[in-house]
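Just below is one structure, and these are the notes that go with it.
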Amino acid sequence: MSARAIPTQLAHDAAAAFADLLRGRTAADPPSDAYFARDWTPLWTELADGGWTLLADGLGTTDGDLDLLDLTLFAEAWGAHLVPLPFIESIAARSGSATIPEAARMLSVAVWSGRTWLVPFGQSVGEAGPVDDFARSLPLTAAAPRRANESDGPRATLAILETAGAVGAASAALARSIAHARAREQFGRPIGSFQAVKHRLADMHARIELARSAVAWSCAEPDSRASALGQALELCLRSAEDAVQVHGGIGFTWEAAPHHYLRHVMAARAVVRAALGLDG
Amino acid sequence: MSPAYRASPVEDEPSEIALRRKWERAVHAAGYSCLSWPEELGGRGEGPLEEFVFADECARAGVPESLGRVGRLLAAPALFGHGTAAQRARFLPRILDGTEVWCQGFSEPGAGSDLAAVRTAAVREGDRYFATGQKLWTSFALYADRCLLLARTGEPASRHRGLSIFALRMAQPGVRTRGIRQINGRSEFAEVFLDGAEISLDDRIGAEGEGWSVAMTILGAERGAGFGAIALKRLRDDLEVLRTHCAPGAGTTREATACAERLEVLRWQIMRSIEQDACGLDPLPSASILKVTWSELSQDLARSGFLSACPEHGGEWRMRLLDAREATIASGTSEIQRTVIADRVLGLPRS
């Protein structure tokens, strides 16, 4: 049986509904210091009540409607908004779990960075330890030593879904870049009318599509996961960098959106590498 | 990275600024400032190639970056090319010995790549001008003494024709500055708000309405060898760390070697550019090649460092990756540089 390269129609429809919900709750506001400082717990409650946190519970069993590839759609939709909640981490932690935690419980997966245990959103799940919030959308707690008592399952799921989240972030960065290129005028016309800018946006789009393909590859071939996800993340990184470029001088300011997507992709890469055990 | 290493100078830290001022005074005291300037102005009458070689050697030795880059690399060419002897006598010694720090007031919110859209106006009243408007991305503005200001002296719609360049005194009531926070968290550039800022006639560089031509001299310098030397220094620093400390796997070593080769070619490109400029050719196109090349190499190097996932330097590399985004935007975006190359060198039809 050959592996699917695209998610099912069911998954597409469900993910579209999920994306609508997220758009409604974030009002498509751009990431900023104020955005990250918002109280996001009402959204978490809504996700739990709506059953969205249970998405990965049937993974790998005959009961499940959704496989890994299907779940990447949800992770992508999630990543586009950079909401600082452990959604991806919770569904990954739940997948393949022997016990079934209640729907509203925030969970995460500890990954070994080679020097320390990292827990994404550690603060949200009761971990003590210094927090690295280089990416406000993906804060990492350096947690206390522990036995690696989880099976590899949740970590592999985390790696794939964090990568899909990064694809979502890169995709959102592209959307904002397109909007900027349409609105910003120099030389009496929108900068998006210049070939140099158009071609860069085209390249960004192409890279994001390739990143999606790489994620599909990673779902189909567990042995190639490190290569596939590495490729995907590098493609996302290049695109997120380009979002800064398209925004020009503004793109290099703290207040503007692009660097938050770039930081997210960089932090996601660190989590994914640790989840795959690449840094020993 | 060694304790003295900095990914890029932290321009808003007081102790860092003090160190750089100190270094600049030491270089001046030893007689090495501005080697290519005429002796009567404090230089040694050497050629630009000698000046570059000195800068390159300093870079290899890891000296602090000077605070005087706008004064020495941008204002000085403007004064040599378009200023009066009296202006050179007034401004250059204080640029040379570092007692006057300059900033550059060109970009505005509505005039970035399209510099001819500048709206800051300098209105003439008798023997002085009064300038009103807003400048953006002004490095060094927070502690500069002078601003190399591009302002409109002609009609509002006069584009390239109605511009003039001034040496604006920063310490006056009509000049306010406000730092801008960058994606790396620092505030190394600023907004400058001008509200009836006073400029004496003596401080206009070049004729009224000649500003675009003076600006082109300045932009050529900004994209040229002087800045190339600064870029080389930063590239060498990064490459050294990548190669000796962060390249555990064959992949990274290959990348580091490739970057090293590109760096050496870049150095030769700078030297050839200097020699070509000396023949009186239009410096802008060759400067554009330099700028595109060093800025993109700098980003590739930062990215290689980040992707190396070096456990020891991960924190520095990720900041370096963010810092490196500026290189292809500031001093003329890569998009504009390529257009200059296409239009001026290749003679392609204008967009």
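Naming convention: chains lettered A, B, ... in sequence-line order (proteins, then strands); numbering from 1 in each chain.
For a residue to count as touching a neighbouring chain, one of its non-hydrogen atoms must lie under 4.5 Å from one of that chain's; by this rule B/Phe306 touches chain A with backbone and side chain alike. For a residue to count as touching a neighbouring chain, one of its non-hydrogen atoms must lie under 4.5 Å from one of that chain's; by this rule A/Leu233 does not touch chain B.
For the set A/Glu241, A/His247, A/Met266, the entry with the most heavy-atom pairs within less than 4.5 Å of chain B is A/Glu241. Heavy-atom pairs under 4.5 Å with chain B peak, among A/Val244, A/Thr253, A/Val197, at A/Thr253. Interface summary for chain B: among A/Glu255, A/Arg273, A/Arg200, A/His260, the most heavy-atom pairs under 4.5 angstrom belong to A/Arg200. Taking B/Leu136, B/Ile180, B/Thr333, B/Leu322 one by one and counting their heavy-atom pairs under 4.5 Å with chain A, the maximum is reached by B/Leu322.
Using a 4.0 Å cut-off between charged nitrogen and carboxylate oxygen, B/Glu335 and B/Lys291 do not count as a salt-bridge pair. In this structure, A/Arg269 does not pair ionically with A/Glu234, as no charged nitrogen and carboxylate oxygen lie closer than 4.0 Å.
Between the side chains of A/Arg263 and A/His259, at least one donor N or O lies within less than 3.5 Å of an accepting N or O.
A cation-pi arrangement is present between B/Arg318 and A/Phe134, with the terminal nitrogen or guanidinium carbon under 6.0 Å from the aromatic centre and inside a 45° cone about the axis.
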Might you work through the salt bridge (charged side-chain N to carboxylate O under 4.0 Å, His left out) test for A/Asp203 and A/Arg238, ending with a clear yes or no?
CA-CA 10 Å; A/Asp203 283 348; A/Arg238 302 288 310 255; over 6 Å; no
